[in-house]
Amino acid sequence: MTPIHTAEETAGAGVLGELIDGHVVLPGEDGWDLARQAWNLAADQRPEAVVFAESAADVAAVVDYARVRGLRVTTQATGHFAGSLDGFDDTILVKTSRMRGLEIDPDARTARAEAGVLWEEVVVAAGEHGLAGLAGSSPDVGVVGYTLGGGLGWLARRHGLAANSVLAVELVTADGRIVRADRDTEPDLFWAVRGGGGSFGIVTAIEFALYPVAEVYAGILFFPFERAAEVLNAWSEWVEDTPEEVTSAGRLMQFPPIPDIPEPVRGRSFVVVEAAYIGSEEDGAELLRPLRELGPEMDTFAMIPASELRFLHMDPPQPVPNAGDGMALAELTPEAVDALVAVAGPGSRSPLLSVELRQLGGTVAVARPEQGAVGHLEAAFALFGVGMALDQEMAAAVKVHAQTVKDALAPWAAARGYFNFSDHPMDGRSLYPPATYLRLQEVKAAYDPAELFRASHPIRPAAA
Ligand SMILES: Cc1cc2nc3c(=O)[nH]c(=O)nc-3n(C[C@H](O)[C@H](O)[C@H](O)COP(=O)(O)OP(=O)(O)OC[C@H]3O[C@@H](n4cnc5c(N)ncnc54)[C@H](O)[C@@H]3O)c2cc1C
(Lines give C-alpha, C1' and ligand atoms only; values in the text may rest on other atoms or scores of the structure.)
Protein backbone atom coordinates (compact mmCIF):
# COMPACT_ATOMS: atom_id res chain seq x y z
CA MET A 1 0.00 0.00 0.00
CA THR A 2 1.38 3.41 -0.93
CA PRO A 3 -0.21 6.22 1.06
CA ILE A 4 0.10 9.31 -1.11
CA HIS A 5 0.76 11.70 1.71
CA THR A 6 3.99 10.24 3.16
CA ALA A 7 7.26 9.57 1.36
CA GLU A 8 5.81 10.10 -2.08
CA GLU A 9 3.65 12.99 -1.08
CA THR A 10 4.78 15.45 -3.69
CA ALA A 11 5.42 12.90 -6.38
CA GLY A 12 2.11 11.15 -5.65
CA ALA A 13 0.10 14.30 -5.90
CA GLY A 14 2.02 15.33 -8.93
CA VAL A 15 1.36 12.03 -10.65
CA LEU A 16 -2.34 12.10 -9.84
CA GLY A 17 -2.63 15.76 -10.69
CA GLU A 18 -1.01 15.15 -14.08
CA LEU A 19 -3.45 12.38 -14.88
CA ILE A 20 -6.54 14.53 -14.55
CA ASP A 21 -7.99 17.88 -15.57
CA GLY A 22 -9.37 18.36 -12.08
CA HIS A 23 -7.67 19.46 -8.90
CA VAL A 24 -5.97 17.39 -6.18
CA VAL A 25 -5.59 18.61 -2.59
CA LEU A 26 -3.43 16.73 -0.08
CA PRO A 27 -3.34 16.92 3.72
CA GLY A 28 -1.44 19.99 4.87
CA GLU A 29 -1.73 21.82 1.57
CA ASP A 30 -3.41 25.21 1.23
CA GLY A 31 -7.15 24.73 1.15
CA TRP A 32 -7.03 21.27 2.72
CA ASP A 33 -9.59 22.00 5.43
CA LEU A 34 -12.01 23.49 2.92
CA ALA A 35 -11.41 20.65 0.47
CA ARG A 36 -12.20 17.93 3.01
CA GLN A 37 -15.26 19.70 4.39
CA ALA A 38 -18.71 18.19 3.98
CA TRP A 39 -22.11 19.94 3.85
CA ASN A 40 -22.59 18.45 7.29
CA LEU A 41 -19.98 20.59 9.02
CA ALA A 42 -19.91 18.21 11.99
CA ALA A 43 -18.14 15.59 9.85
CA ASP A 44 -14.37 15.54 10.39
CA GLN A 45 -13.35 13.92 7.10
CA ARG A 46 -9.69 12.93 6.76
CA PRO A 47 -9.13 11.11 3.47
CA GLU A 48 -5.71 10.50 1.87
CA ALA A 49 -6.50 13.14 -0.75
CA VAL A 50 -9.43 15.08 -2.12
CA VAL A 51 -9.88 15.14 -5.88
CA PHE A 52 -12.19 17.65 -7.53
CA ALA A 53 -13.01 15.73 -10.70
CA GLU A 54 -14.01 17.54 -13.90
CA SER A 55 -15.14 14.59 -16.00
CA ALA A 56 -15.79 10.86 -16.23
CA ALA A 57 -12.25 10.48 -17.57
CA ASP A 58 -10.91 12.16 -14.39
CA VAL A 59 -12.91 9.77 -12.24
CA ALA A 60 -11.64 6.76 -14.18
CA ALA A 61 -8.05 7.99 -13.79
CA VAL A 62 -8.48 8.29 -10.00
CA VAL A 63 -10.01 4.82 -9.81
CA ASP A 64 -7.07 3.34 -11.77
CA TYR A 65 -4.60 5.29 -9.65
CA ALA A 66 -6.16 4.05 -6.42
CA ARG A 67 -6.51 0.46 -7.55
CA VAL A 68 -2.85 -0.04 -8.43
CA ARG A 69 -1.80 1.47 -5.08
CA GLY A 70 -4.23 -0.54 -2.94
CA LEU A 71 -6.16 2.59 -2.01
CA ARG A 72 -9.93 2.93 -1.86
CA VAL A 73 -12.19 5.61 -3.36
CA THR A 74 -15.29 7.29 -2.04
CA THR A 75 -17.49 9.96 -3.62
CA GLN A 76 -19.45 12.97 -2.50
CA ALA A 77 -21.37 15.61 -4.36
CA THR A 78 -22.19 17.70 -1.28
CA GLY A 79 -21.49 15.71 1.88
CA HIS A 80 -25.09 15.84 3.12
CA PHE A 81 -24.79 12.20 4.05
CA ALA A 82 -21.31 12.29 5.58
CA GLY A 83 -22.58 10.74 8.81
CA SER A 84 -23.32 7.48 7.02
CA LEU A 85 -19.71 6.80 5.96
CA ASP A 86 -17.62 4.42 8.03
CA GLY A 87 -14.28 6.20 7.67
CA PHE A 88 -11.64 7.33 5.19
CA ASP A 89 -8.63 5.09 5.94
CA ASP A 90 -6.48 4.64 2.82
CA THR A 91 -9.23 6.37 0.85
CA ILE A 92 -9.25 9.07 -1.81
CA LEU A 93 -12.33 11.29 -1.70
CA VAL A 94 -13.61 12.22 -5.14
CA LYS A 95 -15.79 15.32 -5.06
CA THR A 96 -18.07 15.72 -8.05
CA SER A 97 -19.07 19.31 -7.29
CA ARG A 98 -17.46 20.60 -10.50
CA MET A 99 -19.41 18.19 -12.71
CA ARG A 100 -22.51 20.32 -13.20
CA GLY A 101 -23.71 19.60 -16.75
CA LEU A 102 -27.51 19.48 -16.94
CA GLU A 103 -29.70 18.85 -19.98
CA ILE A 104 -33.49 18.91 -19.98
CA ASP A 105 -35.38 17.36 -22.89
CA PRO A 106 -38.86 18.84 -22.53
CA ASP A 107 -40.35 16.73 -25.34
CA ALA A 108 -39.10 13.42 -23.98
CA ARG A 109 -39.67 14.70 -20.41
CA THR A 110 -36.23 13.56 -19.31
CA ALA A 111 -33.15 15.07 -17.70
CA ARG A 112 -29.49 14.14 -17.82
CA ALA A 113 -27.52 15.45 -14.85
CA GLU A 114 -23.81 15.11 -14.22
CA ALA A 115 -22.76 13.81 -10.82
CA GLY A 116 -22.39 17.19 -9.09
CA VAL A 117 -25.80 18.59 -10.02
CA LEU A 118 -28.03 19.66 -7.12
CA TRP A 119 -31.78 19.13 -7.07
CA GLU A 120 -32.53 22.86 -7.08
CA GLU A 121 -30.74 23.16 -10.43
CA VAL A 122 -32.97 20.45 -11.88
CA VAL A 123 -36.29 21.65 -10.49
CA VAL A 124 -35.72 25.23 -11.60
CA ALA A 125 -34.65 24.20 -15.13
CA ALA A 126 -37.44 21.61 -15.45
CA GLY A 127 -39.97 24.06 -14.05
CA GLU A 128 -39.37 26.38 -17.00
CA HIS A 129 -41.03 23.67 -19.12
CA GLY A 130 -43.84 22.95 -16.67
CA LEU A 131 -42.06 19.77 -15.59
CA ALA A 132 -40.99 18.45 -12.19
CA GLY A 133 -38.34 16.00 -11.01
CA LEU A 134 -38.77 13.83 -7.94
CA ALA A 135 -36.67 16.03 -5.64
CA GLY A 136 -36.60 15.67 -1.88
CA SER A 137 -37.08 18.35 0.72
CA SER A 138 -33.66 19.97 0.47
CA PRO A 139 -32.72 22.19 -2.49
CA ASP A 140 -28.98 21.57 -2.26
CA VAL A 141 -28.93 17.78 -1.94
CA GLY A 142 -27.12 16.04 -4.82
CA VAL A 143 -29.33 14.36 -7.42
CA VAL A 144 -27.14 11.24 -7.63
CA GLY A 145 -26.63 10.48 -3.91
CA TYR A 146 -30.32 11.08 -3.13
CA THR A 147 -31.53 8.92 -6.02
CA LEU A 148 -29.11 6.05 -5.37
CA GLY A 149 -30.58 5.78 -1.85
CA GLY A 150 -34.21 5.70 -3.05
CA GLY A 151 -35.26 9.35 -3.06
CA LEU A 152 -38.41 10.29 -1.17
CA GLY A 153 -39.88 13.65 -2.16
CA TRP A 154 -43.06 15.73 -2.20
CA LEU A 155 -44.49 13.99 -5.27
CA ALA A 156 -43.62 10.49 -4.04
CA ARG A 157 -47.06 9.14 -3.25
CA ARG A 158 -48.14 9.89 -6.84
CA HIS A 159 -44.91 9.33 -8.78
CA GLY A 160 -42.94 7.00 -6.51
CA LEU A 161 -39.35 7.01 -5.31
CA ALA A 162 -36.82 8.82 -7.50
CA ALA A 163 -34.88 5.58 -8.00
CA ASN A 164 -37.82 4.24 -10.04
CA SER A 165 -37.58 7.12 -12.48
CA VAL A 166 -33.95 6.50 -13.41
CA LEU A 167 -33.53 5.67 -17.09
CA ALA A 168 -29.76 5.17 -17.19
CA VAL A 169 -26.58 5.82 -15.25
CA GLU A 170 -23.10 6.40 -16.57
CA LEU A 171 -20.52 5.18 -14.10
CA VAL A 172 -16.92 4.21 -13.56
CA THR A 173 -16.50 0.65 -12.33
CA ALA A 174 -13.74 -0.66 -10.09
CA ASP A 175 -11.71 -1.82 -13.08
CA GLY A 176 -11.70 1.76 -14.41
CA ARG A 177 -14.22 1.21 -17.21
CA ILE A 178 -16.69 3.97 -18.07
CA VAL A 179 -19.98 2.17 -18.66
CA ARG A 180 -23.59 3.06 -19.28
CA ALA A 181 -26.07 0.93 -17.36
CA ASP A 182 -29.73 0.78 -18.29
CA ARG A 183 -32.43 -1.84 -18.64
CA ASP A 184 -30.63 -3.54 -21.57
CA THR A 185 -26.95 -2.87 -20.87
CA GLU A 186 -25.32 -3.99 -17.60
CA PRO A 187 -28.80 -4.76 -16.20
CA ASP A 188 -27.52 -6.11 -12.87
CA LEU A 189 -25.54 -2.95 -12.24
CA PHE A 190 -28.56 -0.86 -13.26
CA TRP A 191 -30.72 -2.80 -10.80
CA ALA A 192 -28.19 -2.45 -7.95
CA VAL A 193 -27.53 1.28 -8.16
CA ARG A 194 -31.26 2.09 -8.00
CA GLY A 195 -31.45 1.85 -4.22
CA GLY A 196 -28.17 0.10 -3.42
CA GLY A 197 -26.21 3.34 -3.03
CA GLY A 198 -22.68 4.09 -4.15
CA SER A 199 -21.08 0.68 -3.52
CA PHE A 200 -20.94 -0.36 -7.17
CA GLY A 201 -19.14 2.45 -8.94
CA ILE A 202 -18.85 6.18 -9.24
CA VAL A 203 -21.80 7.58 -11.15
CA THR A 204 -20.70 10.34 -13.49
CA ALA A 205 -24.13 11.13 -14.95
CA ILE A 206 -27.72 10.04 -14.45
CA GLU A 207 -30.75 10.19 -16.72
CA PHE A 208 -34.23 10.24 -15.30
CA ALA A 209 -37.86 10.98 -16.07
CA LEU A 210 -39.62 14.29 -15.39
CA TYR A 211 -43.34 14.70 -14.82
CA PRO A 212 -45.87 17.28 -16.05
CA VAL A 213 -46.47 18.93 -12.70
CA ALA A 214 -46.27 22.71 -13.11
CA GLU A 215 -48.08 23.78 -9.94
CA VAL A 216 -49.12 22.25 -6.65
CA TYR A 217 -51.28 23.27 -3.73
CA ALA A 218 -48.82 23.17 -0.86
CA GLY A 219 -47.95 24.73 2.45
CA ILE A 220 -47.63 24.35 6.19
CA LEU A 221 -50.09 24.51 9.07
CA PHE A 222 -48.38 25.67 12.27
CA PHE A 223 -49.98 24.78 15.60
CA PRO A 224 -48.77 25.51 19.15
CA PHE A 225 -46.28 22.90 20.39
CA GLU A 226 -48.59 22.09 23.32
CA ARG A 227 -51.09 20.64 20.84
CA ALA A 228 -48.53 18.09 19.55
CA ALA A 229 -50.44 14.91 20.43
CA GLU A 230 -53.82 16.25 19.27
CA VAL A 231 -52.48 17.48 15.93
CA LEU A 232 -50.34 14.42 15.17
CA ASN A 233 -53.28 12.16 15.96
CA ALA A 234 -55.58 14.20 13.71
CA TRP A 235 -52.95 14.12 10.95
CA SER A 236 -52.43 10.35 11.24
CA GLU A 237 -56.20 9.83 10.89
CA TRP A 238 -56.32 12.29 7.98
CA VAL A 239 -53.56 10.52 6.00
CA GLU A 240 -55.55 7.27 5.97
CA ASP A 241 -57.96 8.71 3.39
CA THR A 242 -55.74 11.05 1.40
CA PRO A 243 -55.39 10.30 -2.32
CA GLU A 244 -51.95 9.52 -3.70
CA GLU A 245 -51.82 13.05 -5.12
CA VAL A 246 -51.15 14.19 -1.53
CA THR A 247 -47.79 13.68 0.17
CA SER A 248 -47.51 15.09 3.68
CA ALA A 249 -45.45 15.20 6.84
CA GLY A 250 -46.30 15.65 10.52
CA ARG A 251 -43.50 17.30 12.42
CA LEU A 252 -42.32 18.57 15.78
CA MET A 253 -40.15 21.66 15.32
CA GLN A 254 -38.10 23.68 17.78
CA PHE A 255 -36.66 26.69 15.94
CA PRO A 256 -33.43 27.96 17.46
CA PRO A 257 -33.30 31.65 18.47
CA ILE A 258 -30.83 32.61 15.74
CA PRO A 259 -31.04 35.49 13.21
CA ASP A 260 -31.15 33.09 10.21
CA ILE A 261 -34.63 31.96 11.29
CA PRO A 262 -37.56 34.20 10.19
CA GLU A 263 -38.98 36.32 12.97
CA PRO A 264 -42.47 34.75 13.30
CA VAL A 265 -41.03 31.34 14.25
CA ARG A 266 -37.60 32.27 15.67
CA GLY A 267 -37.01 30.67 19.07
CA ARG A 268 -40.46 29.08 19.10
CA SER A 269 -41.68 25.48 18.94
CA PHE A 270 -44.56 24.10 16.89
CA VAL A 271 -46.27 20.98 15.72
CA VAL A 272 -46.73 21.36 11.98
CA VAL A 273 -48.34 19.61 9.07
CA GLU A 274 -46.68 20.08 5.69
CA ALA A 275 -48.29 18.82 2.50
CA ALA A 276 -48.18 19.05 -1.27
CA TYR A 277 -51.20 18.23 -3.41
CA ILE A 278 -51.06 17.68 -7.16
CA GLY A 279 -54.37 19.24 -8.13
CA SER A 280 -56.43 22.41 -7.99
CA GLU A 281 -56.62 24.93 -5.16
CA GLU A 282 -60.30 24.20 -4.71
CA ASP A 283 -59.82 20.44 -4.34
CA GLY A 284 -56.74 20.93 -2.19
CA ALA A 285 -58.57 23.26 0.18
CA GLU A 286 -61.39 20.75 0.48
CA LEU A 287 -58.93 17.94 1.26
CA LEU A 288 -57.22 20.07 3.88
CA ARG A 289 -60.45 21.17 5.55
CA PRO A 290 -60.38 18.69 8.50
CA LEU A 291 -56.91 19.89 9.49
CA ARG A 292 -57.75 23.57 8.98
CA GLU A 293 -60.75 23.13 11.24
CA LEU A 294 -58.29 22.42 14.06
CA GLY A 295 -57.46 26.14 13.93
CA PRO A 296 -53.77 26.52 13.03
CA GLU A 297 -51.88 29.58 14.27
CA MET A 298 -50.35 30.07 10.81
CA ASP A 299 -51.41 28.67 7.43
CA THR A 300 -49.21 29.05 4.34
CA PHE A 301 -51.15 26.85 1.89
CA ALA A 302 -51.40 28.28 -1.64
CA MET A 303 -50.90 27.29 -5.27
CA ILE A 304 -47.16 27.45 -5.95
CA PRO A 305 -44.87 26.46 -8.83
CA ALA A 306 -43.72 22.88 -8.26
CA SER A 307 -40.11 24.14 -8.30
CA GLU A 308 -40.84 26.08 -5.08
CA LEU A 309 -41.49 22.85 -3.19
CA ARG A 310 -37.78 23.04 -2.47
CA PHE A 311 -38.56 25.63 0.21
CA LEU A 312 -41.56 23.88 1.78
CA HIS A 313 -39.66 21.92 4.40
CA MET A 314 -37.54 24.88 5.54
CA ASP A 315 -34.32 22.88 5.20
CA PRO A 316 -31.16 24.90 5.86
CA PRO A 317 -30.05 26.68 2.66
CA GLN A 318 -26.37 26.37 3.55
CA PRO A 319 -24.04 23.81 5.19
CA VAL A 320 -24.71 23.24 8.89
CA PRO A 321 -23.17 21.07 11.60
CA ASN A 322 -25.82 18.51 12.42
CA ALA A 323 -26.48 15.01 13.67
CA GLY A 324 -29.54 12.87 13.44
CA ASP A 325 -31.04 9.54 12.62
CA GLY A 326 -34.21 7.92 11.44
CA MET A 327 -36.31 4.82 11.14
CA ALA A 328 -39.41 3.57 9.36
CA LEU A 329 -42.72 2.92 11.09
CA ALA A 330 -45.26 0.24 10.20
CA GLU A 331 -48.07 2.29 11.76
CA LEU A 332 -48.73 5.38 13.84
CA THR A 333 -51.24 4.55 16.56
CA PRO A 334 -52.33 7.03 19.27
CA GLU A 335 -49.95 5.13 21.60
CA ALA A 336 -47.10 5.72 19.15
CA VAL A 337 -47.96 9.42 18.99
CA ASP A 338 -47.93 9.57 22.80
CA ALA A 339 -44.55 7.81 22.88
CA LEU A 340 -43.14 10.28 20.33
CA VAL A 341 -44.51 13.35 22.07
CA ALA A 342 -43.14 12.13 25.42
CA VAL A 343 -39.57 12.06 24.06
CA ALA A 344 -39.63 14.89 21.51
CA GLY A 345 -42.63 17.08 22.37
CA PRO A 346 -43.38 19.75 24.97
CA GLY A 347 -41.49 19.26 28.23
CA SER A 348 -39.23 16.54 26.82
CA ARG A 349 -36.13 18.80 26.75
CA SER A 350 -35.29 17.15 23.45
CA PRO A 351 -32.27 18.66 21.64
CA LEU A 352 -33.79 17.65 18.30
CA LEU A 353 -34.81 20.71 16.31
CA SER A 354 -37.00 18.62 14.08
CA VAL A 355 -38.60 15.22 14.31
CA GLU A 356 -40.61 14.52 11.21
CA LEU A 357 -42.85 11.75 10.05
CA ARG A 358 -43.20 11.50 6.28
CA GLN A 359 -46.34 9.92 4.96
CA LEU A 360 -45.57 6.90 2.74
CA GLY A 361 -48.05 4.59 1.01
CA GLY A 362 -49.63 5.32 -2.37
CA THR A 363 -47.16 4.68 -5.20
CA VAL A 364 -44.30 4.49 -2.67
CA ALA A 365 -45.77 1.17 -1.49
CA VAL A 366 -46.21 -0.39 -4.93
CA ALA A 367 -43.68 -3.06 -5.94
CA ARG A 368 -43.04 -3.38 -9.66
CA PRO A 369 -41.02 -6.10 -11.41
CA GLU A 370 -38.93 -3.53 -13.31
CA GLN A 371 -37.84 -1.67 -10.18
CA GLY A 372 -34.30 -1.62 -8.81
CA ALA A 373 -33.00 -2.71 -5.41
CA VAL A 374 -35.27 -0.18 -3.66
CA GLY A 375 -38.35 0.61 -5.68
CA HIS A 376 -40.91 0.78 -2.91
CA LEU A 377 -41.01 1.05 0.88
CA GLU A 378 -42.92 -1.43 3.03
CA ALA A 379 -43.69 1.05 5.78
CA ALA A 380 -46.37 3.61 6.56
CA PHE A 381 -44.14 6.47 7.74
CA ALA A 382 -40.46 7.44 7.54
CA LEU A 383 -39.16 9.24 10.63
CA PHE A 384 -36.12 11.50 10.85
CA GLY A 385 -34.89 13.49 13.84
CA VAL A 386 -32.11 16.07 13.58
CA GLY A 387 -30.36 18.57 15.81
CA MET A 388 -27.51 21.05 15.70
CA ALA A 389 -24.02 19.68 16.46
CA LEU A 390 -21.78 22.70 17.04
CA ASP A 391 -19.29 20.57 18.98
CA GLN A 392 -18.72 16.94 19.86
CA GLU A 393 -20.68 17.20 23.08
CA MET A 394 -23.73 18.54 21.26
CA ALA A 395 -23.35 15.92 18.54
CA ALA A 396 -23.25 13.16 21.16
CA ALA A 397 -26.35 14.53 22.93
CA VAL A 398 -28.28 14.72 19.66
CA LYS A 399 -27.26 11.20 18.66
CA VAL A 400 -28.25 9.82 22.05
CA HIS A 401 -31.59 11.54 21.83
CA ALA A 402 -32.24 10.40 18.26
CA GLN A 403 -31.68 6.87 19.54
CA THR A 404 -34.05 7.58 22.45
CA VAL A 405 -36.74 8.50 19.93
CA LYS A 406 -36.06 5.34 17.95
CA ASP A 407 -36.20 3.22 21.10
CA ALA A 408 -39.49 4.83 22.15
CA LEU A 409 -41.02 4.02 18.77
CA ALA A 410 -39.47 0.56 18.42
CA PRO A 411 -42.80 -1.22 19.08
CA TRP A 412 -44.16 0.35 15.86
CA ALA A 413 -41.00 -0.05 13.77
CA ALA A 414 -41.25 -1.40 10.23
CA ALA A 415 -39.18 -4.45 9.34
CA ARG A 416 -36.55 -2.32 7.63
CA GLY A 417 -35.27 1.26 7.72
CA TYR A 418 -35.05 3.72 4.85
CA PHE A 419 -31.57 4.15 3.34
CA ASN A 420 -31.63 7.96 3.03
CA PHE A 421 -33.01 8.53 6.53
CA SER A 422 -30.31 6.47 8.29
CA ASP A 423 -27.49 8.90 8.97
CA HIS A 424 -24.91 6.51 10.37
CA PRO A 425 -23.31 3.45 8.72
CA MET A 426 -25.93 0.70 8.58
CA ASP A 427 -25.60 -3.01 8.01
CA GLY A 428 -27.39 -3.63 4.71
CA ARG A 429 -29.36 -6.45 6.28
CA SER A 430 -31.40 -3.88 8.21
CA LEU A 431 -32.23 -1.95 5.03
CA TYR A 432 -33.10 -4.65 2.51
CA PRO A 433 -35.15 -7.86 2.44
CA PRO A 434 -32.78 -10.89 2.59
CA ALA A 435 -33.11 -11.81 -1.11
CA THR A 436 -32.46 -8.20 -2.20
CA TYR A 437 -29.41 -7.92 0.04
CA LEU A 438 -28.03 -11.21 -1.27
CA ARG A 439 -28.47 -10.04 -4.86
CA LEU A 440 -26.76 -6.74 -4.01
CA GLN A 441 -23.86 -8.69 -2.52
CA GLU A 442 -23.61 -10.78 -5.69
CA VAL A 443 -23.53 -7.67 -7.89
CA LYS A 444 -20.88 -6.19 -5.58
CA ALA A 445 -18.81 -9.38 -5.88
CA ALA A 446 -19.12 -9.26 -9.67
CA TYR A 447 -18.21 -5.56 -10.05
CA ASP A 448 -16.10 -4.68 -7.02
CA PRO A 449 -14.90 -7.84 -5.24
CA ALA A 450 -11.94 -6.06 -3.59
CA GLU A 451 -14.19 -3.29 -2.18
CA LEU A 452 -12.36 -0.48 -3.90
CA PHE A 453 -15.42 1.70 -3.42
CA ARG A 454 -16.32 2.90 0.03
CA ALA A 455 -19.92 4.11 0.24
CA SER A 456 -22.71 5.10 2.59
CA HIS A 457 -24.32 1.93 4.00
CA PRO A 458 -21.78 -0.27 2.21
CA ILE A 459 -22.72 -3.53 0.53
CA ARG A 460 -20.22 -6.29 1.26
CA PRO A 461 -19.38 -8.62 -1.64
CA ALA A 462 -20.84 -12.13 -1.54
CA ALA A 463 -18.27 -14.74 -0.53
CA ALA A 464 -16.66 -16.36 -3.57
C1 LIG B 1 -31.25 18.57 4.98
C2 LIG B 1 -31.46 17.22 4.36
C3 LIG B 1 -32.68 16.93 3.75
C4 LIG B 1 -32.89 15.69 3.17
N5 LIG B 1 -34.10 15.40 2.59
C6 LIG B 1 -34.32 14.19 2.03
C7 LIG B 1 -35.56 13.87 1.42
O8 LIG B 1 -36.48 14.68 1.38
N9 LIG B 1 -35.72 12.63 0.89
C10 LIG B 1 -34.72 11.71 0.88
O11 LIG B 1 -34.90 10.62 0.33
N12 LIG B 1 -33.51 12.00 1.43
C13 LIG B 1 -33.31 13.19 2.01
N14 LIG B 1 -32.11 13.48 2.60
C15 LIG B 1 -31.07 12.47 2.59
C16 LIG B 1 -30.25 12.62 1.29
O17 LIG B 1 -30.98 12.13 0.20
C18 LIG B 1 -28.97 11.83 1.42
O19 LIG B 1 -28.21 12.44 2.43
C20 LIG B 1 -28.20 11.79 0.09
O21 LIG B 1 -27.23 10.80 0.16
C22 LIG B 1 -27.55 13.11 -0.20
O23 LIG B 1 -26.88 13.04 -1.42
P24 LIG B 1 -25.62 14.01 -1.65
O25 LIG B 1 -24.99 13.60 -2.90
O26 LIG B 1 -26.09 15.40 -1.48
O27 LIG B 1 -24.74 13.63 -0.39
P28 LIG B 1 -23.24 13.09 -0.32
O29 LIG B 1 -22.93 13.01 1.14
O30 LIG B 1 -22.35 13.89 -1.19
O31 LIG B 1 -23.36 11.64 -0.91
C32 LIG B 1 -24.02 10.65 -0.18
C33 LIG B 1 -23.57 9.29 -0.60
O34 LIG B 1 -24.07 9.03 -1.91
C35 LIG B 1 -23.14 8.27 -2.64
N36 LIG B 1 -22.77 9.07 -3.80
C37 LIG B 1 -22.80 10.41 -3.95
N38 LIG B 1 -22.41 10.74 -5.19
C39 LIG B 1 -22.13 9.59 -5.83
C40 LIG B 1 -21.68 9.26 -7.13
N41 LIG B 1 -21.44 10.20 -8.05
N42 LIG B 1 -21.49 7.97 -7.44
C43 LIG B 1 -21.72 6.99 -6.54
N44 LIG B 1 -22.14 7.25 -5.29
C45 LIG B 1 -22.35 8.52 -4.95
C46 LIG B 1 -21.95 8.00 -1.74
O47 LIG B 1 -22.10 6.73 -1.13
C48 LIG B 1 -22.07 9.11 -0.70
O49 LIG B 1 -21.51 8.72 0.55
C50 LIG B 1 -31.87 14.71 3.19
C51 LIG B 1 -30.64 15.00 3.82
C52 LIG B 1 -30.44 16.24 4.39
C53 LIG B 1 -29.12 16.52 5.07
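Bear in mind the structure is a predicted one, so any value in this text is a computation, not a measurement. Indexing begins at 1, ligand by ligand and atom by atom, following the structure's order. One-based numbering along the sequence shown.
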- Item | Contact check, Gly201 vs ligand 1, heavy-atom distance below 4.0 Å | yes
- Query: Is the closest N or O pair between Ala77 and ligand 1 shorter than 3.5 Å?
  - Reply: yes
- Once the angle between the rings of Phe222 and Phe255 is folded into 0 to 90°, is it parallel (under 30°), tilted (30 to 60°) or perpendicular (over 60°)? tilted
- Strictly under 4.0 Å, does any heavy atom of Gly153 approach an atom of ligand 1? no
- Message: When you measure from the heavy atoms of Phe421 to every atom of ligand 1, does any distance fall below 4.0 Å?
- Response: yes
- Are Arg460 and Glu451 close enough for a salt bridge, meaning some N to O gap below 4.0 Å? yes
- for atom 9 (N) of ligand 1, nearest protein heavy atom and its distance come out as Leu152 O, 2.8 Å
- In terms of atom number and element, which parts of ligand 1 are under 4.0 angstrom from non-hydrogen atoms of Ser456? 33 (C), 47 (O), 48 (C), 49 (O)
- Query: What atoms of ligand 1 come closer than 4.0 angstrom to any heavy atom of Gly136?
  - Reply: 7 (C), 8 (O)
- Would you mind checking which non-hydrogen protein atom is closest to atom 28 (P) of ligand 1, with the distance to 0.1 Å? Gly79 N, 3.4 Å
- Query: What are the atoms of ligand 1, with element, lying closer than 4.0 Å to any heavy atom of Ala115?
  - Reply: 41 (N)
- Nearest non-hydrogen protein atom, atom 41 (N) of ligand 1: Val203 O, 2.8 Å
- Just checking, is any N or O donor in the side chain of His313 or Glu356 under 3.5 Å from an acceptor N or O on the other one? yes
- Item | Residue-ligand contact His313/ligand 1, heavy atom below 4.0 Å | no
- Ranked by distance from atom 2 (C) of ligand 1, the top protein heavy atom is Ser138 CB, 3.9 Å
- For atom 39 (C) of ligand 1, which candidate among Val144, Leu118, Val143 provides the closest heavy atom? Val144
- Task: Considering only non-hydrogen protein atoms, determine which one is nearest to atom 8 (O) of ligand 1 and report residue, atom name and distance to 0.1 Å.
- Result: Ser137 N, 2.8 Å
- Any N or O of Arg454 closer than 3.5 Å to N or O of ligand 1: no
- Report, in ascending order of atom number, the atoms of ligand 1 lying under 4.0 Å from any heavy atom of Gln76. 30 (O)
- Task: Give the residue and atom name of whichever protein heavy atom lies nearest to atom 11 (O) of ligand 1, and the separation in Å to one decimal.
- Result: Tyr418 OH, 2.6 Å
- Do Asp325 and Lys399 sit within salt-bridge range, that is, some charged N less than 4.0 Å from a carboxylate O? no
- Message: Please verify the inter-ring angle class for Trp119 with Tyr146; under 30° counts as parallel, over 60° as perpendicular, anything in between as tilted.
- Response: perpendicular
- Please work out whether the ring planes of Phe419 and His457 are parallel, tilted or perpendicular, with thresholds of 30° and 60°. perpendicular
- Task: Among all protein heavy atoms, pick the one closest to atom 27 (O) of ligand 1 and tell me residue, atom and distance.
- Result: Thr78 OG1, 3.3 Å
- Residue pair Phe421, Phe384: steps toward the ring pair (Phe, Tyr, Trp, His ring centres under 6.0 Å) verdict: CA-CA 6 Å; Phe421 278 16; Phe384 193 75; 5.6 Å; yes
- Query: Out of Phe384, Trp119, Phe453, Phe81, whose heavy atom is nearest to atom 29 (O) of ligand 1?
  - Reply: Phe81
- Query: What protein heavy atom sits nearest atom 36 (N) of ligand 1, and how far away is it?
  - Reply: Thr75 O, 4.0 Å
